Asker: 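This is the structure I have questions about; it appears just below.
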Amino acid sequence: MNLVNLFMFFMLQFILFLGCSSSIDSGVRLDIQEKHVIMDNGIVQVNLSNPEGFVIGIQYNGLDNLLEVLNPEFDRGYWDIVWDQGGKNRTKKGAKGKGRLDRMDTTNLTVIVKNEEQVELSFTRTWNFSLEGKLAPLNIDKRFIMLRGSSGFYTYAIYDHLKEWPAFDLDNTRVAFKPRKDKFNYMVIADDRQRFMPLPDDRLPGRGQVLAYPEAVRLVDPIEPEFKGEVDDKYEYSIESRSNYVHGWISIHSSESNGIWLITPSYEFRSAGPLKQYLASHAGPTMLSVFHSTHYSGEDLIMKFGPNESWKKVFGPIFIYLNSMSDGLSPIRLWEDAKHQMVNEIERWPYTFPASKDFLSSAQRGKVEGRLLVRDRYISDAFVPVSGGYVGLAPLGDVGSWQREYKGYQFWTITDDEGYFSIINIRPGDYNLYSWVTGFIGDYQYNNVINITSGCNINVGELVYEPPRDGPTLWEIGIPDRTAAEFYVPDPNPLYVNKLYVNHTDRYRQYGLWERYADLYPNEDLVYTVGISDYKKGWFFAQVTRKKDNNTYQGTTWQINFNLNHVNINGTYKLRLALASVHSADLQIRINNSNATSPPLFSSGIIGKENTIARHGIHGFYWLFNIDVEGTILVKGNNTIFLTQANNNGPFVGILYDYIRFEGPPDINFIKDQN
Ligand SMILES: *[C@@H]1O[C@H](CO)[C@@H](O)[C@H](O)[C@H]1NC(C)=O
Ligand SMILES: *[C@@H]1O[C@H](CO)[C@@H](O)[C@H](O)[C@H]1NC(C)=O
Ligand SMILES: *[C@@H]1O[C@H](CO)[C@@H](O)[C@H](O)[C@H]1NC(C)=O
Ligand SMILES: *[C@@H]1O[C@H](CO)[C@@H](O)[C@H](O)[C@H]1NC(C)=O
Ligand SMILES: *[C@@H]1O[C@H](CO)[C@@H](O)[C@H](O)[C@H]1NC(C)=O
Ligand SMILES: *[C@@H]1O[C@H](CO)[C@@H](O)[C@H](O)[C@H]1NC(C)=O
Ligand SMILES: *[C@@H]1O[C@H](CO)[C@@H](O)[C@H](O)[C@H]1NC(C)=O
Ligand SMILES: *[C@@H]1O[C@H](CO)[C@@H](O)[C@H](O)[C@H]1NC(C)=O
Ligand SMILES: *[C@@H]1O[C@H](CO)[C@@H](O)[C@H](O)[C@H]1NC(C)=O
Ligand SMILES: *[C@@H]1O[C@H](CO)[C@@H](O)[C@H](O)[C@H]1NC(C)=O
Ligand SMILES: *[C@@H]1O[C@H](CO)[C@@H](O)[C@H](O)[C@H]1NC(C)=O
Ligand SMILES: CC(=O)N[C@H]1CO[C@H](CO)[C@@H](O)[C@@H]1O
């Protein structure tokens, strides 16, 4: 770095610093009016409606309001739930029924903390039986916190369902912010996922043309001509929980830039573990912190509460962070600054300042540590330390149940190079310990229940994961990594491009790839020959239906050809099918039998409601099928496995494979040699 660059660097740091806290530090002030309440620390001023608890204004850096002033006050910054009555009383059936949207407007404001260092407000509403069928049977407590010298504010909420209250379903819950569209034009959700965004107006009839579903719009006459011809679809911007710590918007105009960011320092309160995908930011401009949803999952993730079931959960706190720059240089530095702030917030987790007794401090939480080894005897007899494996505590359940779990909290970490892990800040309670390891199939679960108490430090010692395995690998297709990303992902139809994902590692996020299968395989289905085909090119990432001219769809049958030099007719072979996602798929497997109406060796029945294909996901839920193949149906020489996806009900039906393995019969000599 030469001197000029060094000087520029310090100038930028200085300007950023100025932008964040240039005002006089006068502590936090609170001004309660009849219809609204203002929290103000001299840096940020937040205006909330009283008593509904909507964020109606964020004043910052000389801007009167960062939120969309054209929207009604309830549609700028708010918590919401989508819910329905439980069991037979549900009015909208299934994942397609949207439930009822409730913006969680509250009826009572209480000042919890008020001093120069901190203000904490509580907006509550209390349920009783006179509200049955009208409001979700929940007591709601929405909190807003402002700290001295802080360039932003926090929000969290406590949902409480009492035991004697009626059954109900909770489909979705989140916090939403709508920054103003005349300012915020550049969206950042990751280092390699950021772009100038179209306006909401561009999506309207005349400017936008709705594609296969309303969320996907082709921009035919956008206000900014540079977006013409692109597809805008919020699902192209979803993020896995494990990567969803900060995202937001920058206003890039002339010399002045502001950033507004959602920082989520922990995903302990989000449903369904590290791999669950959530919406984040998208055209609007919209900025969401989603805690629970059915996206990429379906009905299994409708939260269901039965009669006589009590439940209480704390969502958040999350931090709404604001930053600014006035030097006219690269505004992308606001993203770098937001990431620094994210690191600060993660380091301070669990926060010390929230006043609710339901949010637990670090001292009230416990710790689990140990070491994870993997042993797959047909690869190596050794106990191999797992590097980069996910280890987590989640409520009690079966193997792999964490991916469908939503009522409790989950605490995950990643093993180091030697396999050691340490999970800190776990809320007291009973948990199972779960894990999965990239490169190996299946799920690990520790035998014992782990009882976390305040201040506990439990060492579970060395845990050994022995993945499902009966015999040596005869052949395999793909990588066991719970995604279909390693397979062939086609280029999009030139009519449906999002320029962000051209030449991008996430090329699967393009719209309409499901139609590319029929372009590549107009009549004959995919045939894969072991030893000759390359799965990176020869295995289409999704087994989708094929559209015919008359707007009907066909199921498809893929073939895997493989050669056996000898067959043990007395032995049992094993076909392992790991799936990365399914949607209304009916998978039938036949071996050396091309008659698609004859009884299959294996049939899944119709499974999955994940809607991953339409949502441009590369995975949904993880599925593993282990199928016995008797040696008597195999032949020396060429054999064929027929994979039929029989359901032809529309374009979004199908299967994303993760990994396929064919194992020989257990090798007696092999086992003897090893022991
Ligand atoms: C807060 O919002 C209300 C309603 O829009 C408005 O009347 C009031 O002036 C705002 N207060 C401040 C300090 O911006
Ligand atoms: C509002 O909250 C305060 C403090 O908790 C309580 O005294 C008051 O009764 C509540 N009012 C209503 C209408 O619930
Ligand atoms: C039940 O809730 C309604 C609406 O908030 C309220 O008007 C009513 O007073 C409540 N009834 C009781 C018994 O608390
Ligand atoms: C359905 O609603 C009725 C009337 O409110 C109630 O008595 C019944 O318990 C509810 N059933 C379920 C399954 O929640
Ligand atoms: C709910 O609790 C009541 C009272 O304890 C009991 O009579 C009823 O059977 C319970 N219902 C269910 C579905 O457990
Ligand atoms: C876990 O510990 C708590 C507190 O000591 C206790 O109440 C609970 O019964 C324990 N659970 C189990 C399964 O041991
Ligand atoms: C994509 O990458 C190729 C090869 O690196 C390059 O030739 C092409 O111009 C790139 N396309 C775009 C749109 O960036
Ligand atoms: C659609 O066309 C296919 C042949 O491409 C034919 O088998 C099928 O019967 C047709 N379906 C309808 C509903 O016309
Ligand atoms: C299969 O089992 C039969 C009866 O036990 C035996 O006679 C035959 O040798 C076995 N064949 C092979 C290939 O192991
Ligand atoms: C296919 O299997 C069905 C059901 O087993 C049978 O009725 C039919 O004759 C078979 N077709 C052929 C060509 O073998
Ligand atoms: C077996 O399959 C291979 C690869 O597809 C092919 O080259 C060979 O001709 C086949 N042999 C027989 C006997 O069909
Ligand atoms: C013994 C047997 O049925 N072999 C069949 C295995 O599958 C291939 C492909 O359908 C057939 O050609 C073989 O005859």
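Scope of the values below: all heavy atoms of this structure, side chains included, with no hydrogens, waters or symmetry mates. Position 1 is the first residue of the sequence, and the numbers go up from there. Ligands are counted one by one from 1 in listed order, and the atoms in each one are counted from 1 as well. This is a predicted model, so every value here is computed, not measured.
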Asker: Between the side chains of N139 and Y159, does any donor sit under 3.5 Å from an acceptor?
Answerer: no
Asker: Within ligand 1, which atoms have a heavy atom of I56 less than 4.0 Å away?
Answerer: 2 (O), 4 (C)
Asker: Give the residue, atom name and distance (to 0.1 Å) of the protein heavy atom nearest atom 4 (C) of ligand 1.
Answerer: E73 OE2, 3.2 Å
Asker: Using a strict 4.0 Å cut-off to heavy atoms of A167, name the atoms of ligand 4 that fall inside it.
Answerer: 14 (O)
Asker: Among W83, Y406, F168, W165, whose ring-ring contact (aromatic ring centres under 6.0 Å, His included) with F305 holds?
Answerer: F168
Asker: Using heavy-atom distances, let me know which of T126, N128, L131 sits nearest atom 8 (C) of ligand 3.
Answerer: N128
Asker: Just by distance, no angles: are the side chains of Q45 and Y60 close enough, under 3.5 Å, to form a donor-acceptor pair?
Answerer: no
Asker: Identify the closest protein heavy atom to atom 1 (C) of ligand 1: which residue and atom is it, and at what distance?
Answerer: N47 ND2, 1.4 Å
Asker: Before you tell me yes or no, could you show the steps for K609 and D300 under salt bridge (charged side-chain N to carboxylate O under 4.0 Å, His left out), namely the whole-Å CA-CA distance, both residues' side-chain angles and the distance that decides it to 0.1 Å?
Answerer: CA-CA 8 Å; K609 286 278 169 63; D300 284 1; over 6 Å; no
Asker: Under a 3.5 Å threshold, yes or no: a donor from one side chain and an acceptor from the other, between Y434 and S401?
Answerer: yes
Asker: Heavy atoms only: which of R76, Q59, H36 lies closest to atom 3 (C) of ligand 1?
Answerer: H36
Asker: Would one find an N or O of N89, backbone or side chain, under 3.5 Å from an N or O of ligand 4?
Answerer: yes
Asker: Working note: E116 + R148, criterion salt bridge (charged side-chain N to carboxylate O under 4.0 Å, His left out); need CA distance, chi angles, decisive distance, verdict.
Answerer: CA-CA 7 Å; E116 289 201 339; R148 180 182 199 138; 3.5 Å; yes
Asker: Answer yes or no: is there an ion pair linking K313 with D358, defined by an N-O contact shorter than 4.0 Å?
Answerer: no
Asker: Which heavy atom of the protein is the closest neighbour of atom 13 (C) of ligand 4, given with residue, atom name and distance?
Answerer: G86 O, 4.0 Å
Asker: Would atom 11 (N) of ligand 4 count as contacted, meaning some protein heavy atom under 4.0 Å?
Answerer: yes
Asker: Give the atoms of ligand 4, by number and element, whose distance to some non-hydrogen atom of E132 is under 4.0 Å.
Answerer: 5 (O)
Asker: Do S241 and R270 have a side chain donor and acceptor closer than 3.5 Å?
Answerer: yes
Asker: Taking a cutoff of less than 4.0 Å between a non-hydrogen atom of the residue and any ligand atom, is K35 in contact with ligand 1?
Answerer: no
